[in-house]
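No hydrogens, no waters, no symmetry mates; every other heavy atom, side chains included, goes into these values.
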Amino acid sequence: MPSFPYFSVLTTFGVFCALFAIILQGFFASQDLKRITEILTNLIILENLDVVSQRVAVGYGSCKDLYVPATKFLNYTINQCREECVGGEIVSRRDLFENFGYFFQRGAAAERYTFNRSLFEELIQDASERNLDTRWSLGGNAPVMAKRFHLEGAQVLLGAQMSKDLRKSMPKDILLSFTASIDKDDIHLIMEYRSGEKWGPFRTPRANRFILHNDQNNPTLSVLESLDPFLDDFKPRLFVVSGLQMMDNYPFPPGVRANRLAKVRKQISSLSSNTLVHFEMASYVEINLIDQLLKYVIPYCDSLGMNEQELDNLQRVLSTRTVSLAADSNPRVAKTLRQMREVFTAIQTLPVNDPHRRKLTRIHVHTLAYQAILIANASEWRNAVNAAAKAALTAHRHVCGTDHINPDMASLILDDSFATTMSPNEPGSRRIRIHSTEPVSCWREDISGTEVEICVAPVLVCKNARQTAGAGDNISAAGLILQI
């Protein structure tokens, strides 16, 4: 009997602690929601910048995307990798499982070519016939970026060839360089997954996608020559080079790929000095192709766009001559900034003796948690703070599949502050706090004798990702449109 009051006190205390925890959790949740709402409001103010409609030309290629839920489509069995999957060539279903698992474990985006056409056709048929949540859409870096530029009010020329059916997916006033229709579009199989999904023993740290293709038209840049006469008349303010990752591991005869890229260089070199050139990076694994891009394409571009995986890969190739298949899927700001500085310096100092060579003056890196834009102060790029804000908002809208951003459906992964260098002892090191009323942080610094401005904007990460493929293309285009 004497123990009853004792237990009564414990019960009361336990209930009180539980209620206090609930109230405290609710308080922090309300504070987070308030901060997200303030950041959203001020990002929207920054993105609403009136710009003059510009002419934008985009190359190269197009395709049809077939979206499938990855973990349902690639049904895991004990015959697949159990502890650690490996990446490599894809010629069989087992190779596909190994490659998918390798990137899935790391939450890293990847795009791979398969030599096995019959395997690819079987996979497309399986995806089309099985009772999965599949859908078709317009695909390819160039068409996706072209649609975004058009949506933002630009006049657009697209270097692509399409079937009549696929052409219906494009706004009619986007000018196509290849007017004749083709019978069969290239297809990309987009295997998407959400944050926290499981595949066998593996759980992915973030939402992303694995893309498989067996393109026949895009790797050869079959639309390249058709774009030349249009460029002469169109006189674009911006020319975007994209889709060159389709050349990765494609079985070209000796010398053919270098010849095609040399023609890309010639096309860029023929442009007026008033035309800015942007190269949209992608997933590359063949170091020989990266070397050719560093010879024929990158030194002739004013701007580069990439995600954290592509930045890590490019920086490693430039510094250590090694390829990075998958990097940290959510890198710290300081690490990204260090890699941006190294890439900026390395590309500016590439030994290219050509009067048509351009000086790199802009890098845009888009990650899950933030957008980082670097521009040279003496360049023609402008409105970096507004571009970073617009890119951050576009990331959420695309991934969530909505025009209206609901603060309840957003989260902040970026910390309240970030360091600008990996070590506090490095010159110019500082810690920058993110303020809700001024969410885009910008500062100036010197990189190898070039005065630059760097802006970092937090991304309101979509809690319920609907589509990750095409996010980078939309983000890059949205940022560019405010800077030209």
Distance-only criterion, 3.5 Å: show the donor-acceptor pairs between side-chain atoms of residues 171-178 and protein atoms not counting sequence neighbours.
| unit_1 | atom_1 | unit_2 | atom_2 | d |
| --- | --- | --- | --- | --- |
| D173 | OD1 | H150 | NE2 | 2.8 |
| D173 | OD2 | H150 | NE2 | 3.3 |
| S177 | OG | S226 | OG | 3.1 |

Can you pull out every side-chain hydrogen bond (donor to acceptor under 3.5 Å, both in side chains) where at least one residue sits in residues 231-242? Sequence neighbours excluded, please.
R237-E380
From CA spacing to verdict: salt bridge (Lys or Arg N to Asp or Glu O under 4.0 Å), R362, E453
CA-CA 10 Å; R362 180 182 184 271; E453 180 182 24; over 6 Å; no
Classify the ring geometry between F210 and F103 as parallel (under 30°), tilted (30 to 60°) or perpendicular (over 60°).
tilted
To the nearest 0.5 Å, what is the distance between [atom1] ([X]) and [atom2] ([Y])?
{"X": "H213", "Y": "L66", "atom1": "NE2", "atom2": "CG", "value": "15.0 Å"}
{"X": "N42", "Y": "T437", "atom1": "CG", "atom2": "OG1", "value": "6.0 Å"}
{"X": "M340", "Y": "Q315", "atom1": "CE", "atom2": "CD", "value": "12.5 Å"}
{"X": "Q348", "Y": "K359", "atom1": "CD", "atom2": "NZ", "value": "5.0 Å"}
{"X": "L304", "Y": "F279", "atom1": "CG", "atom2": "CZ", "value": "7.5 Å"}
{"X": "N464", "Y": "N406", "atom1": "CG", "atom2": "CG", "value": "11.5 Å"}

Looking at side-chain heavy atoms only, is the closest gap between [X] and [Y] below 4.5 Å?
{"X": "D328", "Y": "E308", "value": "no"}
{"X": "V323", "Y": "N313", "value": "yes"}
{"X": "K390", "Y": "L46", "value": "no"}
{"X": "R341", "Y": "L337", "value": "yes"}
{"X": "I447", "Y": "T345", "value": "yes"}
{"X": "V277", "Y": "C301", "value": "yes"}
{"X": "L261", "Y": "M247", "value": "yes"}
{"X": "T361", "Y": "W381", "value": "yes"}

Checking side-chain polar atoms at under 3.5 Å, does [X] have a donor or acceptor matched by the opposite partner on [Y]?
{"X": "Q267", "Y": "D228", "result": "yes"}
{"X": "T468", "Y": "E192", "result": "yes"}
{"X": "Y300", "Y": "D354", "result": "yes"}
{"X": "N307", "Y": "E310", "result": "yes"}
{"X": "Y113", "Y": "E286", "result": "no"}
{"X": "S273", "Y": "R358", "result": "no"}

Run the ring pair (Phe, Tyr, Trp, His ring centres under 6.0 Å) test against [X] and tell me which residues pass, sequence neighbours left out.
{"X": "Y102", "value": "none"}
{"X": "Y284", "value": "none"}
{"X": "H396", "value": "none"}
{"X": "H366", "value": "H364"}

Assess whether atom [atom1] of [X] is packed by more than 12 heavy atoms of other residues, nucleotides or ligands within 6.0 Å.
{"X": "R357", "atom1": "CZ", "answer": "yes"}
{"X": "E426", "atom1": "CD", "answer": "yes"}
{"X": "K295", "atom1": "NZ", "answer": "no"}

Name all residues meeting the salt bridge (charged side-chain N to carboxylate O under 4.0 Å, His left out) criterion together with [X]; count only those two or more places apart in sequence or in a different chain, and write none if there are none.
{"X": "R135", "answer": "none"}
{"X": "R203", "answer": "none"}
{"X": "E342", "answer": "R338"}
{"X": "R148", "answer": "E152"}

Evaluate the criterion side-chain contact (heavy atoms from CB on, under 4.5 Å) for residue pair V459 and L368; output intermediate values, then yes/no.
CA-CA 7 Å; V459 172; L368 176 68; over 6 Å; no
Keeping the roles fixed (side chain from [X], backbone from [Y]), state whether a donor-acceptor pair exists under 3.5 Å.
{"X": "N383", "Y": "Q483", "answer": "no"}
{"X": "N208", "Y": "G107", "answer": "yes"}
{"X": "S53", "Y": "G153", "answer": "yes"}
{"X": "D473", "Y": "A142", "answer": "no"}
{"X": "N259", "Y": "G255", "answer": "no"}

One pair to check against side-chain contact (heavy atoms from CB on, under 4.5 Å): Q245 and S283. What are the steps and the verdict?
CA-CA 6 Å; Q245 75 275 14; S283 180; 5.7 Å; no
Before giving the answer on salt bridge (Lys or Arg N to Asp or Glu O under 4.0 Å), spell out for R257 and D248 the whole-Å C-alpha distance, their side-chain angles and the decisive distance to 0.1 Å.
CA-CA 10 Å; R257 184 170 67 189; D248 201 81; 5.9 Å; no
By the definition side-chain contact (heavy atoms from CB on, under 4.5 Å), identify the one residue from V343, I347, L314 that meets it with I363.
V343
For side-chain contact (heavy atoms from CB on, under 4.5 Å), just list the numbers for V240 and N141, CA-CA rounded to whole Å, side-chain angles, deciding distance to a tenth of an Å, and then say yes or no.
CA-CA 10 Å; V240 177; N141 305 93; over 6 Å; no
Just to verify, what does W199 make a side-chain hydrogen bond (donor to acceptor under 3.5 Å, both in side chains) with, not counting sequence neighbours?
none
Could you tell me which residues satisfy side-chain hydrogen bond (donor to acceptor under 3.5 Å, both in side chains) with T320, sequence neighbours excluded, listed by chain and number?
T322
For R332 and D415: C-alpha separation, side-chain torsions, deciding distance, then whether salt bridge (Lys or Arg N to Asp or Glu O under 4.0 Å) applies.
CA-CA 9 Å; R332 307 287 293 182; D415 295 333; 3.2 Å; yes
Measure from the ring center of F234 to the ring center of F230 and say whether it is less than 6.0 Å.
no
Candidate pair H435 and S441, rule side-chain contact (heavy atoms from CB on, under 4.5 Å), full reasoning
CA-CA 8 Å; H435 298 282; S441 305; over 6 Å; no
Closest approach of Q309 to A109 (non-hydrogen atoms, all atoms of both residues)
CG-N, 4.4 Å
